[in-house]
2 protein chains.
Amino acid sequence: MARTDERFREAYNAMLDYCETLATGDQLPAEHGLAGHLNVSRTVVRSVLERLGGAGLLHWQGRNKTLLRRPEAGDRLPVQSDPISADELERHFLDWVLRFDVPPGTPLNVTEMARKFGVAPHSLQEFLASLSRFGLVRRRPRGGWELVGFTRDYAIELSDFRMVLELNAVSHLAALPTDHPIWPQLAALEAEHHALAAEIDTRYHDFSLLDERFHAAIGSVVRNRFVTEFQKVITLVFHYHYQWDKKDERERNLAAIDEHLRVITALTDRNESAAVAAARDHLRTSKQTLLSSLRNHALV
Amino acid sequence: MARTDERFREAYNAMLDYCETLATGDQLPAEHGLAGHLNVSRTVVRSVLERLGGAGLLHWQGRNKTLLRRPEAGDRLPVQSDPISADELERHFLDWVLRFDVPPGTPLNVTEMARKFGVAPHSLQEFLASLSRFGLVRRRPRGGWELVGFTRDYAIELSDFRMVLELNAVSHLAALPTDHPIWPQLAALEAEHHALAAEIDTRYHDFSLLDERFHAAIGSVVRNRFVTEFQKVITLVFHYHYQWDKKDERERNLAAIDEHLRVITALTDRNESAAVAAARDHLRTSKQTLLSSLRNHALV
DNA sequence: CAATTGTTTTTAATAATTGTATGCAACCTG
DNA sequence: CAGGTTGCATACAATTATTAAAAACAATTG
């Protein structure tokens, strides 16, 4: 079989559902109507009708579509569960790369990975092609793919790019009107930062998630499809690397909380330049953390 | 044939070249050595040897590889020229979309387009997948692709994103040391702007190219793979739309030259804030031009 | 003549095929 | 018998062929 007949199978089962609402001897509606009802093309409807005829459920000749008997449980066609979505695939892939610390230059085996992630090889191919725009993977000279991965250069350029995007977001944010929903959100975040700082000795590992939410909140004020696309990748990369570097985690996180609070305070005061300066400081620290995390990790 | 045997054909011809350096009766080196010499795998070498045997050029049995006669011109296998590269494909595609003003929502027929651009359908698929990261195309619910295209929203977000990237570049540029190659480059551009302004009545349509070079020069100081990737698209979009809007072209271009010169002057003076302000003004104008060009174009 | 069905064409997803690469074990040969 | 060489087997990705699905068009029926 060239392509899966999953669509046909689902339509067939849906048709059985519909037949159960009828009585033996009833006429089924027109092909077009059924197609609309099942949300498939007429071609599929006709295949379904033919199969129903073969199963002895239906007498079908021209416009005559008489139900011969009510469908039973055994009439249903088995249908396998549908594959995961593109977004899930992306998360899975980045998760795999970052969690297992796949080294740069690793050849990526499309067939094997497709099996591992439970998607068609074709879909994975497509996904890798789209990832190549972020420079995370690239085609090898004579076929196949290879992970470019998180080299030092990549990390630096990603951090720099993040800085550009986020400073812009901070700038925008400072100019937003008082009734914008971001302000209560920031106030809530500020309280959470204070709460975490107070219990830093026991809860310092909770910071990673708070950091993610803080940056997501700031990024959310810029409605731009290009920015959004990048932030997905940036968030994941920083999230994982933050968790890698266990050295001085408590101190680092306490310092970062302070940096966050400086940004929030400046923003609340509508002091744009102070907010931008505070954000720049924080992002510089963050970049250094990322780089040192890469260094330490390379030694393992 | 499942995949092209271009690699085999090239190796075969290269092997003929090599055989011409030998005399009749000579022994050929080991498979592995030939593989290294021809830069292909041993499998290909063995196929080549087999074919040479079939052509009566070689007696091959085990490690006995005796050249029976010198190759002639007629022995060569024809090889077709290789298809265009990914970058060429990108230019072709954007060129097609922008030049023919393909409307948003147009379904993209992979087979047909592959024929038109002279690439394998597979390659085009991959290219579309990578373009989907820029939101220029997207997958349709049940298979196939569709052009999202340059809607008003897209143009606005693209312009905003361009502004973020370019203001950052201007900021960086202002801080570069005196011996950086950008400064003579800027000086040359300044002179060209003055020259064009002096002859604006006859040469006003030359501005589009100068504009492109001006922005490319500014963008070149930021070495960042993510920025570079986007600038390719941005450049093309603005380049074409600039040429669309014929209304008041002379005046618009003259004004833009002035805006460019303001940026250059501020940069030369190392006055960062003035340079950023001038660039912001120019990019705002540019955004308006893009939007009005879309409006006018939609009426055609 | 409007609704419905029959037929054909087109398109995209996937299975199957084939070219290419590579690892391993057997084999020769000095 | 050790080093190199070959034969064989396997793995993988690019492409072709096939098939499911959709859509367009023509014919038919009430």
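Below, each value reflects all heavy atoms present in this structure, side chains not excepted, and no hydrogens, waters or symmetry copies. Throughout, protein chains are lettered first and strands after them, A, B, ... in sequence-line order, and every chain is numbered starting at 1.
Side-chain N/O atoms of A:R42 include none lying less than 4.0 angstrom from OP1 or OP2 on C:dT4. An OP1 or OP2 oxygen of C:dA13 is reached within less than 4.0 angstrom by a side-chain nitrogen or oxygen of B:R139. Regarding contacts with the backbone of C:dA21, a side-chain N or O of B:S41 is found under 4.0 angstrom from either OP1 or OP2. Taking 4.0 angstrom as the limit, A:K65 places a side-chain polar atom (N or O) nearer than this to OP1 or OP2 of C:dT5. For B:Q61, no side-chain nitrogen or oxygen approaches OP1 or OP2 of D:dT6 to under 4.0 Å.
Using a 4.0 Å heavy-atom cutoff across all strands shown, B:L108 reaches sugar-phosphate atoms only and no base atom. Note on A:L34: nothing from the nucleic acid sits closer than 4.0 angstrom, heavy atoms only. Here B:G62 lies in heavy-atom contact (under 4.0 Å) with sugar-phosphate atoms only.
Side-chain atoms of B:R7 lie closest to C:dA21 of the nucleotides C:dA21, D:dA14, C:dA15. Checking C:dT14, D:dT6, D:dT15 against every side-chain atom of B:A30, the shortest atom distance belongs to D:dT6. Of the candidates C:dT20, C:dT5, D:dT19, the closest approach to any side-chain atom of B:F8 belongs to C:dT20. Ranking D:dG4, C:dA12, C:dT5 by closeness to the B:T111 side chain, first place goes to C:dA12. Nearest nucleotide to the side chain of A:H122, out of C:dT14, D:dT15, D:dA20: C:dT14. In the set D:dT6, C:dA12, D:dA23, the nucleotide with an atom closest to the side chain of A:R3 is C:dA12. If you check D:dT28, C:dA12, D:dA24 against the side chain of A:R63, the one that comes closest is D:dT28. Residue B:Q125 has its side chain nearest to C:dA13 when only D:dT6, C:dT5, C:dA13 are considered. Proximity note for A:N109 (side chain, C-beta onward) versus C:dG23, D:dA13, C:dT20: the nearest is D:dA13.
Residue-environment remark: CZ (B:R152) stays at or below the threshold of 12 foreign heavy atoms within 6.0 Å. Crowding of B:R69 atom CZ: a count of heavy atoms from other residues, nucleotides or ligands under 6.0 Å exceeding 12.
The aromatic rings of A:F230 and A:F134 sit tilted, their planes meeting at an angle between 30° and 60°.
Here the C1' atom of nucleotide C:dG6 and the CH2 atom of A:W60 are 9 Å apart, to the nearest Å. Across the protein-nucleic acid pair, B:L124 atom CG and D:dA14 atom P stand 16 Å apart, rounded to whole Å. Atom pair B:H32:NE2 and C:dC28:P shows a separation of 21 Å (rounding to whole Å applied). Note: CG (B:D5) to C1' (C:dT17) measures 14 Å, nearest angstrom. Taking atom CG on B:N39 and atom P on C:dT22, their separation rounds to 11 Å, with Å as the unit. When rounded to the nearest whole Å, the span between CZ of A:R46 and C1' of C:dT5 equals 6 Å. Rounding to whole angstrom units, CD of residue A:E50 and C1' of C:dT5 are separated by 14 Å. Rounded to an integer number of Å, the gap from A:E31 CD to D:dA21 C1' is 15 Å.
The aromatic ring centroids of B:F127 and B:F93 lie less than 6.0 Å from each other.
We find that A:E126 and B:R139 are joined by a salt bridge, their nearest charged nitrogen and carboxylate oxygen being less than 4.0 Å apart.
Of the residues near DNA chain C, B:V110 and A:P121, the one whose nearest nucleotide (by heavy atom distance) lies more toward the 5' end is B:V110. Each of B:P29 and B:R140 has a nearest nucleotide on DNA chain D; the 5'-most of these lies closest to B:P29.
One side chain, B:T66 or B:Q27, offers a donor N or O that lies under 3.5 Å from an acceptor on the other.
For the atom pair B:S132 OG and B:W145 CH2, the distance stands at 5.0 Å (nearest 0.5 Å).
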